[in-house]
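First the structure, in the form of structure tokens, and then the observations on it.
As a basis for the values below, the full set of heavy atoms in this structure was taken, side chains included, without hydrogen atoms, waters or symmetry mates.
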4 protein chains.
Amino acid sequence: MHEAVLAIVAERPMAALTMEGIAARASVSKQTLYRTWPSTSAILFDALLARSLDESGAVVVPDSGDLAADLRLLIAGMVGELTDPVHGALLRAVTADILGDEALAAQHRELLLRPQLAAIADRLARAGVTDAEDAAELLVGPVLHRWLLRTRRFDEAWVAAHVGRVLRAVALA
Amino acid sequence: MHEAVLAIVAERPMAALTMEGIAARASVSKQTLYRTWPSTSAILFDALLARSLDESGAVVVPDSGDLAADLRLLIAGMVGELTDPVHGALLRAVTADILGDEALAAQHRELLLRPQLAAIADRLARAGVTDAEDAAELLVGPVLHRWLLRTRRFDEAWVAAHVGRVLRAVALA
Amino acid sequence: MHEAVLAIVAERPMAALTMEGIAARASVSKQTLYRTWPSTSAILFDALLARSLDESGAVVVPDSGDLAADLRLLIAGMVGELTDPVHGALLRAVTADILGDEALAAQHRELLLRPQLAAIADRLARAGVTDAEDAAELLVGPVLHRWLLRTRRFDEAWVAAHVGRVLRAVALA
Amino acid sequence: MHEAVLAIVAERPMAALTMEGIAARASVSKQTLYRTWPSTSAILFDALLARSLDESGAVVVPDSGDLAADLRLLIAGMVGELTDPVHGALLRAVTADILGDEALAAQHRELLLRPQLAAIADRLARAGVTDAEDAAELLVGPVLHRWLLRTRRFDEAWVAAHVGRVLRAVALA
DNA sequence: TTGTAACCGAGACGGTACGTCCGGTCTTTGT
DNA sequence: ACAAAGACCGGACGTACCGTCTCGGTTACAA
């Protein structure tokens, strides 16, 4: 199922993700889909969840002792995921769905976003940052902004500079 | 037309914004819509554009000399727009559309986002900030993050703290 | 379905027979109609076919031994059908469609017209008429003419006179 | 205008005759059409009328003294018109319209059909036929039947045999 | 071994919206 | 002034999916 969803999301415009299409692609009857998921959004989110809980799909927060280096690695990892054709498309699709479905948004928040942000905040707190949650937001927010609105491409220099700014903001540089 | 779109967006789930519905609400034939716009996304964006170019709908960057105060005002203004029931819903709908339509994303970028960010960057540059564009992103990104992903509510204290962090990041505090 | 078609044809102008209308009247979705028939013409013809294959709707050729009497009965039966408000309207509608659709015309010819004419020709041949097919045409043609072009009303006297003329034409009176 | 109508009728399926199409083909605005005719049927009938009143388009009843020969010529002329690609298509289209529009049918009857039948009846009466109108119907009906229902092609032998039968029917052969 | 479930694919069904076309009416524009 | 150009509302066109439903045909466990 997830495979079918990923394939469609990766190779066709978002509006082409339909129950009918997924069922056809997965050689499954529509009823089988509806038995498990109420909507394409739900399948989509499930696929993202599976991929993220999988060891290979998760972005982990490194902890080497060198905070700046760790954050650069973390952000580089995120950027890698966001720019990956398949995972990027998947994330974009889920994000779009979230905007119009508060229930889905809540799930996404609790199961994916909050743990992710908590892990980052934790790493920052361990390095002595106060207001670690706000700091985590300061770190991640601009990445989301640049990716979502496609204002500019990511590059290594920007990642380093961004991490530098964030560390200065929390008075650790 | 815009009025009809705003009404529907404000009071019904996003999926209920259809060409048929807009036509009915605006007492207009479908063909009249299709003559001007190819999709609901286009009408939606047009409505946002109209509202933003209108003097009353735009967020302007204040310039009183006191940078911190100005940024707090600016962010408070943004937050006000984002949390306004009508405008917020409109922005959410357009943002969702942008995620699945690169052409629309480009328009949004050029006509709304870039000028907005440029204005902010300009204000920062005038205060002596280098890398003003990145700084603008640092300022706006976390706001987008919090709004889009609905992680936490906005409040005045956070706005002030956030502006403080950004100013520290650009070494002006 | 047939019932809905008959009702519409009987009580409204021919142009008002639409897929949309039939679907509504039959409390059926448009797709259900399109799954079975490609056009209103096809449904119409199907309704006529059903009615004609039904024992109650068919005009049978009587065979009592008295040819003149039999033909008078036959023509009277035809006239009865053609002047019946419902069946007449149905026939008129199908005839109009036939004029613009050769495929439909062929079906009509093979399934309804030819058997009908063959039965008449058979009756005539049994009475010793040569060129029975042409004679059948001579019998039926003027009825069609008078009905289709609405030149004059039918009455019993005309039927008798007409049959007399036809029998004289084939040299049996 | 008539030219445009004839062209469309001759080269495209009947359903393709639209006000919009005629206007385009004749390089005329729709309003100009509506100023003169209320429907495509009306234009169509007008075109037929013009062509029939024109000396070249009318079928005249010959009167050489030899009734059989005259009728054979008359029927052959009719058959020629009915099988002509352009005029035949025009007649077919008008006939279809007549079936669904009593007002149009009345016009057709008064302006074209009745004079035509009267002329034939007149010729027959002059030759001593009683019930000349019914005889005219007997002559013309089977031609209509064969043409309209496309049962069989016309040929010279049939024309001669048919005329023979009709003359026998009216007791003149 | 033979029921007897549970589950599945296939796909019909009543719906809603799609994007297009045409019917008529009315307004604007140019000659 | 009059006609072309074409905007406009209404509504049918034929198509795609929606979510629900019944239908047979398996597996797989129980009697």
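Between A:Leu17 and A:Ile43 there is no side-chain heavy-atom pair separated by less than 4.5 Å. Residues D:Leu90 and D:Val86 have side chains not in contact (no heavy-atom distance under 4.5 Å, counting atoms from C-beta outward). With a 4.5 Å cut-off on side-chain heavy atoms, D:Asp46 and D:His2 count as touching. Looking at B:Met1 and B:Thr36, their side chains never come closer than 4.5 Å, going by heavy atoms from C-beta outward.
Heavy-atom contacts from other residues, nucleotides or ligands closer than 6.0 Å to CZ of B:Arg25 number more than 12. No more than 12 heavy atoms of other residues, nucleotides or ligands lie within 6.0 Å of CD in B:Glu3, so this atom counts as exposed by the packing criterion.
Distance CG/A:Leu53 to CG/A:Leu111: 8.0 Å, rounded to 0.5 Å. Remark: B:Asp97 CG to B:Met14 CE distance equals 6.0 Å, nearest 0.5 Å.
Read 5' to 3', the first and last nucleotides of DNA chain F with an atom closer than 4.0 Å to a heavy atom of chain D are F:dA3 to F:dA5. Heavy-atom contacts of chain D under 4.0 Å fall on DNA chain E between two terminal nucleotides, which in 5' to 3' order are E:dC22 to E:dC26.
Taking all atoms of both residues into account, the shortest heavy-atom contact from C:Ala105 to C:Ile98 is CB-CG2, 3.7 Å. The two residues D:Trp37 and D:Met19 come nearest to each other via the heavy atoms O-CE, 3.8 Å. In this structure, D:Leu104 and D:Ser41 approach most closely via the heavy-atom pair CD2-CB, 3.8 Å. The two residues C:Leu112 and C:Ser52 make their nearest non-hydrogen contact at CD2-CB, 3.7 Å. Considering every non-hydrogen atom in both A:Thr151 and B:Arg109, the closest pair reads CA-CD, 3.8 Å.
Mapping B:Lys30 and B:Ala26 onto DNA chain F by nearest heavy atom places B:Ala26 at the nucleotide closer to the 5' end. The nearest heavy atom of DNA chain E to B:Gln31 and to C:Ser29 marks one nucleotide each, and the one closer to the 5' end goes with C:Ser29. Remark on DNA chain E: of its neighbouring residues A:Thr32 and C:Ser27, the 5'-side contact belongs to A:Thr32, judged by nearest-heavy-atom nucleotide.
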Open item on the list: Set out, in order, the CA-CA distance, both residues' side-chain angles and the distance that settles side chain to side chain contact (heavy atoms under 4.5 Å, CB included) for D:His87 and D:Leu48, then state yes or no.
Closed with: CA-CA 8 Å; D:His87 199 68; D:Leu48 176 61; 3.7 Å; yes
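In the region residues 97-107 of chain D, proximity to DNA chain F at under 4.0 angstrom, judged on heavy atoms, holds for none of the residues. Contact check of residues 5-25 of chain C against DNA chain E (heavy atom, cut-off under 4.0 Å) returns no residues at all. Proximity of residues 33-45 of chain B to DNA chain E (heavy atom under 4.0 angstrom from any strand atom) is restricted to B:Tyr34.
For D:Arg150, the salt bridge (Lys or Arg N to Asp or Glu O under 4.0 Å) partners are C:Glu102, not counting sequence neighbours.
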